[in-house]
Amino acid sequence: MPTLDVSELNIVIAVLGAFIICYGFLSVKIKQVWYLGEALPAVVVGIILGPIAAKFLSAMRWGSGEEGQQEAITLGLCRIVIGVQLVIAGFQLPAKYQAANWKEMAICLLPVMTIMWLCASLCILITIPKLSFLAALVIGSCVTCTDPILSQAVAKGPFADKFVPRALREIISSEAGANDGFGFPFLLLATYLIRHADLSGVDLKEGAIHLLKREGNIGRLGGGVPKAMEMWIVEGWLYIVLMAVAIGLLVGYGSMYAIRFALNRKWIDNESFLLWPMAIGLFIIGICGALGTDDLLACFVAGSALNWSGMYLEEAEKRHDEVNSCFDVILNFGGFMYIGTIFPWDQFQMPDVTGITIGRLFILGLLIMAFRRIPAIFLTYRLMPRCVKDWKEALFMGYFGPIGIGAVFYVEHTRHLFPKPGEAKTEEEDNLVRAMVPVVYWLVLFSIVFHGLSIPALDAFYGWRGIQPIIEEEPVEVRILSEKEVLPPNSYVNPKRSSVMVHNRFSRPISGVELQRWNSGDSEAGLRAHEVAPAYDDKFAVKQRYEAFETTGHQ
């Protein structure tokens, strides 16, 4: 006889499927009209269905079989969501992008991230009581990186297709991908300085020093600053960072040559070719997790190396790759809905325990949005003239530095380096472990809402000011796959060839050279955009033509 099986697995699968269906029904409105993306709606649904509202989804029950399992589930989910998407972000950049823009990337990863780390830590130190400067540095390192998932809204989303120059989009995407893995040196430096600090503040009457060195070497270990710097250089830079880069290069370059070899002999089918980035992402996450190295950095390096010759992205474009975009969306849905169910709401107001209050958190959120990233970009943008042309682009790049799943990954990883609340042998460590989770999760929530609503607001401002979308002399031509297909943002129909001309398209296999998309043997293949459309010299004519194409595309 059939029985009702309302298990957690069935509920989660049903809710995720229902959300994807409902979102998909309005996806064009949500993405191309309201510019909300996937993150904000998914988080809102997770909060509504979570333990503080409908109590329909409760992530705490999923790991209830063993104490501490919930933190491991969160960490593992974050690794998968971010790791796979970093591989995708890496191969979607032009060939040899990191080599061609090494100066700009070095600036973004060294001085910019250092300034961001210090500014974020000072904001935390000012607003959150009971924290030492080193403890603030640990928490600040968790929110230093720009989230590679949320940043894609201003690098690859519909708004970016219309209004953000390609050079700026590429540096934002590349920086977000690299710095999410490059945040480990900042986290480890602050962590080692606390863990290897002098043992004079530890009450040894409760036990011997060796009790401090528990399983996993957590807690206060002693040794002083020299020991901390030694561990930072050897374990942090040489093992965690450089080994991750080496693994990423080996897997990425190996994949590039393996795919080329298989394609020349027609050994690899379409499905396997398009699934390759996800496969190497999962492989790297498993290998680096087993070795204890930086899997996020390795994933981005592997993705960049996969398309180092431009071959993979070019072939994926020719095959009209939508597989990786679909994986991207599904991971966003699942990851951010999960984040919405695990916000520690009860820890956002604990004045007697941590000194944290809702008022302090709101002040912290505003300070972080204003001072964490904007000053760093303004101090350095003149050194990156090829990517950031003026102060307006610098303000845009500095403003849109969202905090997301990457910060959740770092704070969950940091939990494993310190004792649990109430078990620390020093007041500094105890205050840190009690405050870091609510502070980081609050900043994630604040950034998702703040940056998620900023793009619709900016679009309304652009409309009010009459700012026109970016128009190129030679837009990219893309085949129309279906008459029911929605036009890409910032595009128009070319009726002579039954195709779409797309302006400011992000993907280009080789920087500066557009891909001949299709119909290379057609007699009209050599036609350029200005040969099938009038010149774009008159701004009024541009506006009229754009509005006409928009109307035509929606009919």
Side-chain angles (χ1 to χ4, degrees), residues 24 27 84-97 152 155-158 161 166 169-170 173 251-283 299 302-332 474-491 493-494 497-522 524-526:
S27 55
V84 172
Q85 294 196 343
L86 285 178
V87 177
I88 297 173
F91 86 75
Q92 288 180 342
L93 289 168
K96 299 182 177 65
Y97 182 85
Q152 302 310 312
K156 303 176 185 176
D161 288 337
R166 185 185 284 115
R169 299 168 69 184
E170 289 174 349
S173 180
V251 175
Y253 272 122
S255 295
M256 181 183 69
Y257 288 111
I259 288 176
R260 178 184 298 172
F261 184 86
L263 286 176
N264 290 337
R265 288 157 179 78
K266 297 185 178 180
W267 288 355
I268 184 171
D269 63 10
N270 192 55
E271 292 80 5
S272 300
F273 175 83
L274 297 177
L275 284 173
W276 200 284
M278 183 176 186
I280 65 174
L282 296 175
F283 174 74
C299 284
S304 300
L306 174 63
N307 190 54
W308 197 251
S309 65
M311 175 272 300
Y312 187 86
L313 182 56
E314 180 177 355
E315 186 67 23
E317 289 289 326
K318 289 178 179 179
R319 300 184 184 209
H320 298 280
D321 174 26
E322 296 294 341
V323 173
N324 288 290
S325 299
C326 291
F327 276 126
D328 198 23
V329 172
I330 291 176
L331 290 173
N332 286 346
E474 298 186 11
V476 176
E477 185 178 18
V478 180
R479 181 195 295 269
I480 298 177
L481 299 179
S482 170
E483 294 181 357
K484 305 296 184 182
E485 185 179 4
V486 178
L487 286 182
N490 201 13
S491 64
V493 174
N494 178 2
R497 290 167 57 82
S498 298
S499 62
V500 176
M501 309 302 291
V502 184
H503 293 284
N504 199 35
R505 183 182 173 97
F506 180 84
S507 296
R508 48 179 183 162
I510 300 176
S511 182
V513 180
E514 294 293 356
L515 173 68
Q516 181 62 47
R517 303 289 174 180
W518 59 282
N519 266 356
S520 58
D522 197 307
E524 294 183 328

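Scanning both residues, Met256 and Met311, for their nearest heavy atoms gives O-CE, 3.5 Å. In terms of heavy-atom proximity, Val502 sits nearest to Val478 at CG2-CG2, 3.9 Å. The nearest pair of heavy atoms linking Tyr253 to Ala305 is N-CB, 3.7 Å. When all heavy atoms of Gln85 and Leu331 are compared, the closest pair comes out as NE2-CB, 3.6 Å. Residue Leu487 comes nearest to Ser491 through the heavy atom pair CB-OG, 3.7 Å, listed as atom of the first residue, atom of the second, then distance. Contact between Leu306 and Tyr312 at its shortest, heavy atoms only, is O-CB, 3.8 Å.
Note that CD of Glu315 is 9.5 Å distant from CD1 of Ile268, once rounded to the nearest 0.5 Å. Ser325 OG to Gln92 CD: the interatomic distance, rounded to the nearest 0.5 Å, is 6.0 Å. Note that CG of Leu93 is 5.0 Å distant from OG of Ser173, once rounded to the nearest 0.5 Å. Of the inter-residue distances, the one linking Ser499 atom OG with Glu477 atom CD reads 3.5 Å to the nearest 0.5 angstrom. Of the inter-residue distances, the one linking Phe91 atom CZ with Ile280 atom CD1 reads 9.0 Å to the nearest 0.5 angstrom. In this structure, Lys156 NZ and Asp328 CG are separated by 7.0 Å, a value rounded to the nearest 0.5 Å.
In terms of modelled atom types and a separation under 3.5 Å, the side chain of Asn490 and the main chain of Asp161 share a donor-acceptor contact. Put simply, the side chain of Asn264 gets close to the backbone of Arg260: a donor and an acceptor are under 3.5 Å apart. A donor-acceptor pair under 3.5 Å is absent between the side-chain atoms of Arg505 and the main chain of Pro475, judged by distance alone.
Between Pro488 and Val500 there is a side-chain heavy-atom pair separated by less than 4.5 Å. Two residues are said to be in side-chain contact when any heavy atoms from C-beta on lie closer than 4.5 Å; Leu275 and Phe327 meet this criterion. Proximity of Tyr97 to Ser304: side-chain heavy atoms (C-beta onward) are nowhere separated by under 4.5 Å. For the pair Val323/Glu271, no side-chain contact is recorded, criterion being any heavy-atom separation below 4.5 Å from C-beta on.
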task = Evaluate the side chain to side chain contact (heavy atoms under 4.5 Å, CB included) criterion for residues Phe273 and Leu263: first the C-alpha distance (whole Å), next the side-chain angles of each, then the deciding distance (0.1 Å), finally the verdict.
result = CA-CA 9 Å; Phe273 175 83; Leu263 286 176; 4.0 Å; yes
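Annotation: Trp267 is in aromatic contact with Phe261 [ring centroid separation under 6.0 Å].
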